[in-house]
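Below is one structure, written out as structure tokens; comments come after it.
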Amino acid sequence: MADQQQNFRAPRGVDDILPDDQTLWNAVKSTAIQTARQFGYQQIDTPVFEHTGLFRRGVGDETDIVQKEMYSFKDLGGDSLTLRPEGTAPVCRSYIEHGMHNLPQPVRLFYIAPMFRYDRPQAGRYRQHHQFGCEAIGDPSPTIDAEIIEIGLRYITALGLSDVTVRINSIGDPATRTGHADDLRAYFTRYANDLPKVDRDRLDRAPLRLLDSKEPATQKLSANAPKSLDYLSDDAKNHWESLLTLLDGLKTAYPNFNYRIDHTLVRGLDYYNRTVFEFEPSTEGSQTSLFGGGRYDPLIGILGGNDTPGVGFGSGIERIILEIQRQESLKVANPPLNAVMVHVGDNATNRAAALAAELRNYGISILMAPAGKSMRAQMRYANRANANYAIIIGNREIEQNVAAIKPLQFDGEQLSVDLEVAAIAKTVCPIL
RNA sequence: GUGGGCGUAGUGUAGCGGUUAACACGUCAGGUUGUGGCCCUGAAGAUCGAGGGUUCGACUCCCUCCGUCCACCCCA
């Protein structure tokens with residue numbers, strides 16, 4: 001608890017995104033937007049908070065997210081609201097609410113939005129994080145599953161990331177899923193004595209979870225455990241096999257693409273069925289999964305809409321950025337300003353301010369050096385500002401009705417031009 | 001919720017049972033006549049995370065709490 005004497009810090013698990021980081025953030029976000037648009041996806045923003053019931057029903061009452069990770073609160077009217085912990089349920093709610101089933105199907109949507117989970121922070125995990133997500137609603141075909149995965153591929157490729165493995169699995173439909181879960185439970189129960197405590201504890205609660213356990217003993221048992229792929233209905237099996245064919249077809253366009261069928265891959269949220277996938281870099285450390293997604297055919301029905309299939313993914317921007325920095329895969333820099341205005345003396349300051357405003361009408365970017373400081377101080381300021389030119393106006397210039405223009409990024413002659421917008425604009429921004 | 005590492009100026013670090021708590025970067029001001037980058041000089045900036053204890057004396061040793069990082073659970 002910060003008392004009155006202490007300075008405030010950001011709450012645990014949330015961070016400022018400082019100016020130095022914004023360049024990379026913007027690059028990542030605009031890559032996401034470009035990629036999604038290239039596939040014909042349209043942007044959607046849903047509110048930061050929703051009725052708590054949306055997540056309880058959509059994500060699943062028994063999931064960890066709902067059980068212990070939601071930022072829920074009552075508003076002054078007594079409604080229970082929750083800061084969005086994930087993006088799919090809200091998008092589906094919006095799809096239903098706005099009758100998007102009347103649009104040509106499937107409806108393809110994407111978002112970039114903050115998510116909130118009350119979780120213990122660690123590397124790559126925050127209480128507020130941002131996700132780039134895509135959702136395709138209204139098409140049961142595996143071509144859309146493949147499309148969703150391809151968006152992910154194109155996105156990470158555009159960001160220059162390599163060494164990313166795509167793991168994929170099918171967990172079947174709700175009916176066969178419970179059969180599989182029951183058999184899994186039975187299988188692991190037989191070896192209960194060999195299971196480490198953590199895994200014995202979740203045997204009842206979440207038998208699927210034992211498959212991706214980090215305990216070596218459990219991993220050994222998982223190898224021979226019942227596989228969800230052996231439980232697929234004929235429909236689900238066809239869907240799965242078509243998807244694999246489609247993914248193989250992507251290898252021409254994405255020579256480095258390789259997927260790995262991984263029967264230990266399960267997803268934590270209740271609404272998934274059939275296809276599930278994850279993108280993972282070869283980083284050591286553990287909270288590194290860059291993408292998670294899959295098909296969620298039951299969800300719209302669960303939320304009260306007509307049965308409508310859907311498939312999508314969410315990708316953590318913070319993790320993408322960590323990985324970009326680790327691989328040094330993307331170098332970005334802000335473009336320099338056109339000029340810094342250096343002005344000494346009250347007359348000069350007034351002229352300079354007016355002139356700067358006029359120059360901005362030309363689309364020129366211009367930064368005012370701090371008023372009232374020495375020319376040296378202003379020049380030092382200009383030097384740090386990442387600008388191409390200093391426009392220098394002092395008493396001498398006012399008298400002679402000129403502006404001194406000095407290049408800052410390279411050694412060159414200082415010029416003297418008429419104290420007049422067009423002339424200065426042309427000097428400071430030659431393409432004009 | 002559980003376990004481990006770490007907490008000294010804005011940042012990164014040094015330090016030791018007794019010092020005016022050091023260094024670098026950064027910030028600010030200067031380096032003669034109005035002009036940046038390199039260089040030089042100077043200044044500001046730290047109740048050494050908080051509270052308690054041991055001691056003649058603690059930034060330094062012990063305990064508690066808090067914060068932070070990492071890991072587990074789980075997830076993006």
Side-chain angles (χ1 to χ4, degrees), chain A residues 1-3 5-13 15 18 20 59 62-69 84-88 112-133 152 196-199 201-202 205-206 208-210 212-215 266-269 278-281 284-293 312-323 340 342-345 348 369-370 373-387 389-399 404-411 414:
Chain A
M1 301 293 155
D3 64 34
Q5 302 288 344
Q6 260 166 341
N7 292 127
F8 288 109
R9 333 172 93 258
R12 162 174 289 186
D15 263 319
L18 297 171
D20 280 352
V59 178
E62 301 307 313
T63 59
D64 275 32
I65 287 184
V66 170
Q67 290 275 308
K68 51 179 201 184
E69 295 178 2
R84 166 181 56 209
E86 62 96 43
T88 301
I112 295 173
M115 305 292 164
F116 304 85
R117 292 180 202 170
Y118 185 81
D119 221 346
R120 201 66 175 263
Q122 71 187 74
R125 193 170 65 198
Y126 311 91
R127 288 183 173 182
Q128 180 189 63
H129 75 280
H130 297 75
Q131 280 188 28
F132 164 46
K197 188 178 176 310
V198 264
D199 285 330
D201 288 347
R202 56 184 171 181
R205 190 162 48 86
L208 287 171
R209 293 246 74 92
L210 296 209
D212 64 352
S213 170
K214 283 171 187 165
E215 298 290 337
V266 291
R267 303 241 91 236
L269 316 186
E278 204 162 290
F279 283 37
E280 206 161 287
E284 67 297 341
S286 51
Q287 310 302 327
T288 55
S289 172
L290 299 175
F291 274 71
F313 69 76
S315 170
I317 295 185
E318 284 82 354
R319 288 189 188 171
I320 289 281
I321 283 178
L322 284 174
E323 191 59 20
V340 175
V342 172
H343 45 95
V344 177
K373 296 210 178 197
S374 70
M375 181 161 290
R376 168 191 231 120
Q378 292 195 44
M379 285 304 291
R380 282 184 169 159
Y381 186 87
N383 182 50
R384 299 295 233 92
N386 186 30
Y389 293 93
I391 301 172
I392 303 167
I393 301 178
N395 293 330
R396 197 186 295 158
E397 282 74 20
I398 298 278
E399 262 172 46
I405 297 184
K406 179 167 189 175
L408 295 174
Q409 303 283 3
F410 56 93
D411 290 314
Q414 176 168 311

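We use all heavy atoms of the structure for the numbers below, so side chains are in, but hydrogens, waters and symmetry mates are not. Order of the sequence lines sets the chain letters (A, B, ...), proteins ahead of strands, with each chain counted from 1.
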With the criterion being N/O to N/O and under 3.5 Å, what pairs connect the protein with nucleotides 24-26 of chain B, and how long is each?
from	atom 1	to	atom 2	distance (Å)
B:G26	O3'	A:Arg384	NH2	2.8

Under 4.0 Å: is that the gap between some side-chain N or O of A:Lys214 and OP1 or OP2 of B:C72? yes
Over all strands shown, is A:Ser289 touching base, sugar-phosphate only, or nothing at heavy-atom distances under 4.0 angstrom? sugar-phosphate
Can you find a donor-acceptor pair, distance only, under 3.5 Å between A:Gln414 side chain and B:U35 base? yes
Hey, which of A:Arg125, A:Lys68, A:Arg12 is the one that makes salt bridge (Lys or Arg N to Asp or Glu O under 4.0 Å) with A:Asp119? A:Arg125
Could you spell out the base pairing of RNA chain B in dot-bracket, with Watson-Crick or G-U pairs whose two distances are under 3.5 Å, [ ] crossing and | to another strand? (((((((..((((....[...)))).(((((.......))))).....(((((..]....))))))))))))....
Write out a two-atom table: protein N or O, nucleotide N or O from nucleotides 37-42 of chain B, distance below 3.5 Å.
from	atom 1	to	atom 2	distance (Å)
B:G37	OP1	A:Arg380	NE	3.4
B:G37	O4'	A:Asn383	ND2	3.0
B:G37	N1	A:Asp411	OD1	3.1

Which whole number of Å gives the distance between the P atom of B:U19 and that of B:U60? 13 Å
Test of understanding: with salt bridge (Lys or Arg N to Asp or Glu O under 4.0 Å), list the residues that count as partners of A:Asp15, not counting sequence neighbours. none
Under 4.0 angstrom between A:Arg319 side-chain N/O and B:C75 OP1 or OP2: no
Selection from B:A29, B:A76, B:C72 that lies nearest to any side-chain heavy atom of A:Lys373: B:A29
With sequence neighbours left out, write down each residue that passes side-chain contact (heavy atoms from CB on, under 4.5 Å) with A:Phe116, or none if nothing qualifies. A:Val48, A:Tyr71, A:Leu83, A:Pro114, A:Gln128
Whole angstroms only, please: what is the CG-C1' distance between A:Asp212 and B:C72? 13 Å
Separation of B:U11 C1' from A:Leu18 CG (nearest whole Å): 12 Å
Residue list, salt bridge (Lys or Arg N to Asp or Glu O under 4.0 Å) with A:Lys373, at least two apart or on another chain: none
Measure the shortest side-chain to side-chain distance between A:Pro121 and A:Tyr126 over non-hydrogen atoms and say whether it is less than 4.5 angstrom. no
If we check side-chain contact (heavy atoms from CB on, under 4.5 Å) with A:Gln378, which of these qualifies: A:Val340, A:Val342, A:Ile392? A:Val342
Say we look at B:U13 and B:A46: how far apart would their C1' atoms be, to the nearest angstrom? 14 Å
If you take all heavy atoms of A:Arg84 and A:Glu86, which pair is closest and at what distance? CG-O, 3.1 Å
Restricting to side-chain contact (heavy atoms from CB on, under 4.5 Å), what partner residues turn up for A:Pro196, sequence neighbours left out? A:Val198, A:Asp199, A:Glu215, A:Ala217, A:Thr218
Which value, in whole Å, describes the distance between the C1' atoms of nucleotides B:C38 and B:C25? 16 Å
Whole-Å P distance, B:G15 and B:G7: 11 Å
Can you tell me how far C1' of B:G1 sits from CZ of A:Arg127, to the nearest Å? 12 Å
Taking every heavy atom of A:Arg209 against every heavy atom of A:Asp212, the minimum-distance pair comes out as O-OD1, 2.6 Å
P atom, B:U41 versus B:C6: distance in rounded Å? 38 Å
Applying salt bridge (Lys or Arg N to Asp or Glu O under 4.0 Å), name anything that partners A:Arg127, two or more places apart in sequence or on another chain. none
Give the minimum heavy-atom separation between A:Ile65 and A:Leu269, together with the two atoms involved. CD1-CD2, 3.5 Å
Rounded to the nearest 0.5 Å, how far apart are CD of A:Glu278 and OG1 of A:Thr288? 8.5 Å
Quick one: which of B:U35, B:G67, B:A76 gets closest to the side chain of A:Glu397? B:U35
Sequence neighbours excluded, which residues qualify as salt bridge (Lys or Arg N to Asp or Glu O under 4.0 Å) partners of A:Glu280? A:Arg167
Rounding to an integer number of angstrom, what distance separates B:G45 and B:U11 when you compare their C1' atoms? 13 Å
If you take any heavy atom closer than 4.0 Å to RNA chain B, which residues from residues 117-126 of chain A end up in contact? A:Arg117, A:Asp119, A:Arg120, A:Gln122, A:Ala123, A:Gly124, A:Arg125, A:Tyr126
Partners passing side-chain contact (heavy atoms from CB on, under 4.5 Å) against A:Gln409 (at least two apart in sequence or in another chain): A:Pro336, A:Asn386, A:Asn388
Atom CD of A:Glu278 and atom C1' of B:A76: how far apart are they, to the nearest Å? 9 Å
Quote, to the nearest angstrom, the P distance that separates B:U8 from B:C69. 14 Å
Roughly how many Å apart are B:A58 and B:G1, using the P atom of each and rounding to a whole number? 35 Å
May I have the distance from A:Asp64 (atom CG) to B:C72 (atom P), rounded to whole angstrom? 15 Å
Table please: side-chain donor-acceptor pairs of residues 312-319 of chain A below 3.5 Å, with sequence neighbours left out.
from	atom 1	to	atom 2	distance (Å)
A:Ser315	OG	A:Leu290	O	2.9
A:Glu318	OE1	A:His130	N	2.9
A:Glu318	OE2	A:His130	N	3.3
A:Glu318	OE2	A:His130	ND1	2.8
A:Arg319	NE	A:Gly124	O	2.7
A:Arg319	NE	A:Gln287	O	3.2
A:Arg319	NH1	A:Ser289	O	3.0
A:Arg319	NH2	A:Gly124	O	3.2

Whole Å only: how far is the CZ atom of A:Phe291 from the P atom of B:A76? 12 Å
A:Phe279 CZ - B:C75 P separation (whole Å): 19 Å
So what does A:Leu290 touch, heavy atoms closer than 4.0 Å: a base, only the sugar-phosphate, or nothing? sugar-phosphate
Quick one, A:Gln414 and A:Ile405 - any side-chain contact, counting heavy atoms below 4.5 Å? no
Of A:Gly316 and A:Lys68, whose nearest nucleotide on RNA chain B comes first from the 5' end? A:Lys68
Rounded to whole Å, please give me the gap between CZ in A:Phe313 and C1' in B:C75. 17 Å
